[in-house]
Amino acid sequence: MDTGERASRTDAVRGAAWAAPAVLVTAAFFLLPLAVMALWSLWTRTAGGVDRTLTLANYARFFGESALVAALFNSLETAALVTVVSLVVGYPVAYALAFHVPARWQRLALVLAILPFWTSYVVRSYAWLLVLAPNGVVNQTLIGLGLTEGPVRIAYTMTATVLGFTHFFAMLVALTVYAGLKRINPRLLLAARDLGAGAVSTFLRVTLPLSVPAIATSAFLTFVLAIGDYITPQILGGNTSLVLPQAILFQIGRRGDVPMASAMSLVLMAVILVACLVALRATRTEPAR
Amino acid sequence: MMPRRLARALGWAAVLGGFYVFVYLPVAVLVLFSFQDGRLPVPPFNGPTLAWYGKVLGNGRLLEAAWNSVVVGVGSSMVATLLGFLAAYGLARHRVPGRRLIHAALVLPLTVSYLVIGLGLLVTFNAAGLPKSLLAVAIGHLVINLPLCFLVAAAQMGPAEARLEQAARDLGASEWQVLTRVALPLALPSLFAAFCLSFTLSWDEFVIAFLLTNFDVTLPVVIWSMLRTGLNPETNAAGTLVFAVSLLLVAGAELVLARRGRAAR
């Protein structure tokens with residue numbers, strides 16, 4: 001073995017040694033639990049404990065039981081709706097911040113716009129409950145203005161869940177898209193204007209296409225985080241139309257069916273994985289810049 | 001008739017103003033009615049009182065949970081920051097075979113929902129005969145924070161830092177000295193920011209803590225159980241205090257990063 005080879009091997013060993021603790025933690029407390037959960041999902045719960053014969057029974061039951069399939073579709077519907085609404089709300093805000101706020105005020109305006117992002121999940125959902133409750137601010141205002149006779153039922157509906165989610169994710173979209181818009185070379189926009197494009201045409205043919213990566217990133221984050229969340233639908237949506245995370249915790253808490261909960265968690269992971277692949281494709285097939 | 005430019009400026013101001021109202025509405029309601037002199041945190045506002053804050057600060061269970069949250073948050077965030085930094089340093093500065101794969105594996109937990117991570121740990125700890133505990137929660141928070149700390153540390157391992165480390169080596173520093181006297185001090189501001197971010201996420205995290213604790217619980221779990229009693233100004237007061245702590249941490253991280261940005265320029 002010559003010295004160069006030996007040196008490169010020492011170098012590799014050193015690098016691996018620095019990375020080893022993090023890799024071990026990830027393997028022991030992330031990868032191993034996923035494997036254990038995958039194994040449990042192939043077992044079944046019996047009256048006295050767990051039957052360890054390997055079977056796909058839990059998955060068959062999941063897709064055969066209409067309430068559970070409904071939970072999956074509720075999750076998909078909620079997450080998709082939240083993604084679209086958050087983009088519609090957050091994008092104009094990012095655009096206004098990037099192009100219509102004087103440069104020296106932009107950072108402050110942005111920080112102010114995303115400050116409530118740091119309220120905790122539980123507290124934020126509770127705060128929306130206060131706003132939307134039958135005797136809360138929104139309903140008392142509506143009644144005070146004479147717009148409705150009695151309180152409108154918003155709390156404990158899917159609308160409340162979507163609203164609570166949108167509050168959080170519109171801030172995420174605003175932040176991500178703002179960063180994307182700031183990366184666009186301003187000369188491109190000037191060139192479009194010089195060549196006779198109006199404001200709308202410049203936006204549709206230059207700004208919007210160039211902000212597609214930021215849109216894709218924020219849409220992906222929103223969808224994945226929203227579909228995996230338990231708290232917002234549990235606090236704001238109530239128990240009428242459960243989403244998948246609620247159904248999973250129900251299996252554990254009420255029924256003590258860990259194998260079924262494991263199988264449902266893997267279904268949830270698979271859905272998120274598909275979303276990842278779609279997002280990757282969406283960002284890759286976009287025209288070269 | 002209004003000039004078009006003025007109309008357009010007003011339009012954008014309305015977009016921003018509307019958004020500020022939307023994002024601050026729940027926060028404002030939460031904070032305002034934590035001072036409610038009455039038993040319901042809904043309008044009308046009966047006038048300010050600090051009674052609910054007094055009640056929160058006298059609530060032993062809440063204080064104990066807050067302390068548990070601090071311990072879990074500080075512990076898991078310190079370990080996550082340290083391990084994330086070491087891994088970023090090892091992968092950036094040494095030719096480790098398969099480093100792209102290692103990088104991907106370390107970042108992977110970001111794509112998995114907290115619920116699934118918590119459930120996996122619950123099942124695994126059960127199978128291994130380990131009881132639910134704050135340590136289990138801290139491990140769960142380590143798993144969710146390690147990828148972020150790793151990414152933050154990796155982002156600042158630039159060529160400028162590499163040249164300084166090489167200079168130290170040329171001047172005879174040992175690998176250990178390069179790490180502790182050059183690489184670590186250079187990374188310190190980013191690591192502080194990573195620590196603050198981790199602590200904030202741990203401080204607010206509910207579902208993992210909910211799954212992995214029994215009697216000794218963290219703050220979000222106690223606040224969660226307070227919700228069962230319905231709307232209550234005491235919950236408002238507790239929520240306001242939790243939010244204030246998060247804001248202080250974020251502001252701290254922001255200040256350190258901003259100062260560093262200015263120093264770099």
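Lettering of chains follows the sequences in order, A, B, ..., and the numbering in each one begins at 1. In this text the structure is predicted, and so the values were computed from the model without any measurement. In what follows, every heavy atom counts, from backbone to side chain, and hydrogens, waters and symmetry copies are set aside.
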Item to complete: Could you have a look at L249(A), D229(A), T141(A) and say which one has the most heavy-atom pairs with chain B under 4.5 angstrom?
Response: L249(A)
Item to complete: Give the member of V137(A), V258(A), L132(A), V138(A) that has the highest number of heavy-atom pairs under 4.5 Å with chain B.
Response: V137(A)
Worksheet entry | Top contributor to chain B interface from L115(A), V23(A), L32(A) [non-hydrogen pairs under 4.5 Å] | L115(A)
Item to complete: Kindly write out the residues that satisfy salt bridge (charged side-chain N to carboxylate O under 4.0 Å, His left out) with R93(B), not counting sequence neighbours, or none if the list is empty.
Response: E165(B)
Discussion item. With a 4.5 angstrom heavy-atom cut-off, is it the side chain or the backbone of L221(A) that approaches chain B, or both, or neither?
Written reply: neither
Worksheet, complete the sentence: Bottom line for V13(A): the part with an atom under 4.5 Å from chain B's heavy atoms is neither
Discussion item. Which atoms of L142(B) are under 4.5 Å from chain A, going by heavy atoms: the side chain, the backbone, both sets, or neither?
Written reply: side chain
Worksheet item: If you count heavy-atom pairs under 4.5 Å between each of V36(A), V89(A), L112(A), L31(A) and chain B, which one has the most?
Response: L112(A)
Practice prompt. Specify whether W43(A) and W40(A) have parallel, tilted or perpendicular ring planes, treating 30° as the upper limit for parallel and 60° as the lower limit for perpendicular.
Written response: tilted
Worksheet item: What residue, out of I231(A), V224(A), I272(A), has the most heavy-atom pairs lying under 4.5 Å from chain B?
Response: I231(A)
Worksheet item: Is the F206(B) ring parallel, tilted or perpendicular to the F210(B) ring (thresholds 30°, 60°)?
Response: parallel
Discussion item. With a 4.5 angstrom heavy-atom cut-off, is it the side chain or the backbone of I227(A) that approaches chain B, or both, or neither?
Written reply: neither
Worksheet item: Mind checking whether F22(B) and W128(A) have ring centres under 6.0 Å apart?
Response: yes
Discussion item. Out of A109(A), A174(A), G253(A), A275(A), return the one with the most heavy atom pairs under 4.5 angstrom to chain B.
Written reply: A109(A)
